Amino acid sequence: MATNIAEIPVRKICCIGAGYVGGPTCSVLALNCPDIQVTVVDRNELRINQWNSEKLPIYEPGLEEIVKQCRGKNLFFSTDMAPALKEADLIFISVNTPTKTFGLGKGRAADLKFVESCARLIAEVCDRSKIVVEKSTVPVRSAASIVNVLKANTKPGVSYQVLSNPEFLAEGTAVNDLKNPDRVLIGGEESEEGKKAISALSWVYRHWVSADKIIEMNTWSSELSKLAANAFLAQRISSINAISAVCEATGADVSEVAKAIGLDSRLGPKFLQASVGWGGSCFQKDILNLVYISESLNLTSVAAYWQQVIDMNEYQKSRFGERIVQSMFNTITDKRIAILGFAFKKNTGDTRESPAIHVAKHLLEEGAFLHIYDPKVEKAQILLDLDQLDEESGISIHTDPYEAAKGTHALVICTEWDQFIVNTYDYQRMYDSMLKPAFVFDGRKILNHSALAKIGFHVETIGKRHGQSFQDHNWAGTNGI
Ligand SMILES: NC(=O)C1=CN([C@@H]2O[C@H](COP(=O)(O)OP(=O)(O)OC[C@H]3O[C@@H](n4cnc5c(N)ncnc54)[C@H](O)[C@@H]3O)[C@@H](O)[C@H]2O)C=CC1
Ligand SMILES: O=C(O)[C@H]1O[C@H](OP(=O)(O)OP(=O)(O)OC[C@H]2O[C@@H](n3ccc(=O)[nH]c3=O)[C@H](O)[C@@H]2O)[C@H](O)[C@@H](O)[C@@H]1O
């Protein structure tokens, strides 16, 4: 007879996938649950070695301290997957779910091959019943596929309950997001066994999350809520970025408009920071996934609606690149341009889908030489992102921002690192070492533009025309206003 899920006390947890989600999630879990042993497994040996070393594979404020505190006590990182899975009472699947690059759904559908291979491995090695938790972001109804694979391959006497428990952490604030989540979603079957599995996972979270924040729901709602949340967040940024284009064309200031909008308590102030465009590993892939699902369900208007959020982001990134060229007298061929910031946002070394990549490629195509500086991104990663083998093809990577600025015509801010703000950097020193006229293109709206203009910089930013007066605009043709 199969073991009853209710009889499974959660003493040991195994997480497959030691990435941006698996690593921080399990570290915070281990910190808060000293009574639970957590083992994070990954087939990537280098990554596991890094988790076991002094220099972790990812940069995340506050993470190193937690790992140091728990590692070797109740937190372990290993490539030896089978024993860790066998021993575990509860297994998180936290592997990557990238956009498919070939075949049916190419460029849009999520590739679930890694999730499926986890399910196959679990069924192959486990000889007692377990709770399997889908933490990766997946299309709606993926849990059904996991159940199918497990059932078809399961050993006699073994049963599984599959739960959906999507992760909402944002990079750069992952530790705080995990310690103080807005909500924890747990989706599961409505059967008795399903409810018991939900209670078991809920019990784990209750070690540090209050009961009112743990929300139980049906599996499909939980899976869809994750895609919907990311789509809504990205939509807000695309919306303010669309308004930023109107601001640049009319003389309105997008910061003022964002403030005015955000003061409406129904809208709130967050995620209204106009920018060079949003990046990161998930927004684009998850919205593409939502678009694909909608199309598959013949919901073509729904698909077109969400596709527009991505199209607006592409437009914003291209618009910024074109503005740099136009401002610099319509040519940047052989000009030197410093890119400050390469990560997709501050406080992370992650460059996946970073808008900086798009901007850098645009400038390279126009014939510029790039000096690139980011406080956390490794040189090899930047070269890889720009499809370069070395620094000879018009790119030099710097470890010092002043060296990066030296001899350039322009500074381009692509990431909102705190250290880039005027009080931290000596922009006079940069200006003195640059060619004139010296330009600043602030793709993140973080700099003190009037202070830079006083130094002598020509400043351009998102959603605002620099130095524009009311008389500058030729109002003819705008509906006679
Ligand atoms: N990065 C983020 O901030 C967030 C990501 N997510 C979702 O979480 C999931 C994981 O994302 P990341 O951690 O960023 O991915 P990642 O790429 O950093 O890490 C995934 C890890 O899984 C490992 N892996 C893949 N298949 C495996 C297998 N069969 N056996 C063992 N290891 C395997 C890979 O080697 C890799 O180290 C994705 O579905 C993503 O959409 C959700 C919320 C936030
Ligand atoms: O599923 C995921 O991977 C995660 O995706 C995002 O997190 P993340 O991509 O790490 O970072 P965000 O803070 O959302 O920023 C995404 C991008 O939008 C940009 N952004 C953000 C906010 C804003 O107002 N303006 C803006 O341009 C950021 O600079 C960055 O490039 C979501 O915020 C998380 O809740 C989610 O778990």
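Whatever order the structure lists them in is the order used to number ligands and atoms, beginning at 1. What you see is a predicted model, and the numbers here were worked out from it, not measured in a lab. For this chain, numbers begin at 1 and follow the sequence in order.
At least one N or O atom of Gly279 sits closer than 3.5 Å to an N or O atom of ligand 2. Considering both main-chain and side-chain atoms, Ala170 never comes within under 3.5 Å of ligand 2 through any nitrogen or oxygen pair. At under 3.5 Å, a nitrogen or oxygen of Leu169, whether backbone or side chain, sits near a nitrogen or oxygen of ligand 2. Backbone and side-chain nitrogen or oxygen atoms of Ser281 are examined, and none is located within less than 3.5 angstrom of a nitrogen or oxygen of ligand 2. For Phe168, a nitrogen or oxygen atom sits less than 3.5 Å from a nitrogen or oxygen atom of ligand 2, counting backbone and side chain alike.
Using a 4.0 angstrom heavy-atom cutoff, Lys226 counts as in contact with ligand 2.
When heavy-atom distances to ligand 1 are checked against a 4.0 Å cut-off, Ser94 comes that close only through its backbone atoms N, CA, C and O. The backbone and the side chain of Ser136 each have at least one atom closer than 4.0 Å to an atom of ligand 1 (non-hydrogen atoms only).
Atoms of ligand 2 lying under 4.0 Å from any heavy atom of Trp278, numbered from 1 in the order shown and given with element: 17 (C), 18 (O), 19 (C), 31 (O). Near Glu171, the atoms of ligand 2 lying under 4.0 angstrom from a non-hydrogen atom of the residue are 10 (O). The atoms of ligand 2 that sit less than 4.0 Å from any heavy atom of Cys282 are 1 (O), 2 (C), 3 (O). Remark: ligand 2 atoms within the under-4.0 Å shell around heavy atoms of Glu416 are 29 (O). Close contacts of ligand 2 with Ser275, meaning ligand atoms under 4.0 Å from a residue heavy atom, involve 26 (C), 27 (O). For ligand 2, the atoms closer than 4.0 angstrom to any heavy atom of Leu233 are 32 (C), 33 (O).
Using a 3.5 Å distance cut-off with no hydrogens or angles, the side chains of Gln235 and Tyr305 do pair a donor with an acceptor. Between the side chains of Ser255 and Gln273, no donor-acceptor pair of N or O atoms lies under 3.5 Å. Side-chain contact of Asp212 with Ser210: a donor-acceptor pair under 3.5 Å is present, judged by distance alone.
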- Query: Do Arg352 and Asp385 pass the salt bridge (Lys or Arg N to Asp or Glu O under 4.0 Å) test, and can you show the C-alpha distance, the side-chain angles, and the key distance before you say yes or no?
  - Reply: CA-CA 9 Å; Arg352 291 179 291 180; Asp385 288 332; over 6 Å; no
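The protein non-hydrogen atom at the shortest distance from atom 30 (N) of ligand 1 is Met81 CE, 3.4 Å. At the shortest separation from atom 29 (N) of ligand 1 among protein heavy atoms lies Ser117 OG, 3.1 Å.
The option from Arg43, Glu171, Glu167, Lys113 that lies nearest to atom 2 (C) of ligand 1, judged by heavy atoms, is Glu171. In this structure, of Asp177, Asn44, Ile16, Asp42, the residue bringing a heavy atom nearest to atom 34 (C) of ligand 1 is Asp42. Proximity annotation for atom 41 (O) of ligand 1: of Glu60, Lys285, Arg352, Lys285 comes nearest, heavy atoms only. With distances taken over non-hydrogen atoms, the option nearest atom 17 (O) of ligand 1 out of Asn96, Leu169, Ile48, Leu46 is Asn96.
The cationic atom of Lys130 (NZ for Lys, CZ for Arg) does not lie both less than 6.0 Å from the six-membered ring centre of Tyr160 and within 45° of the ring axis.
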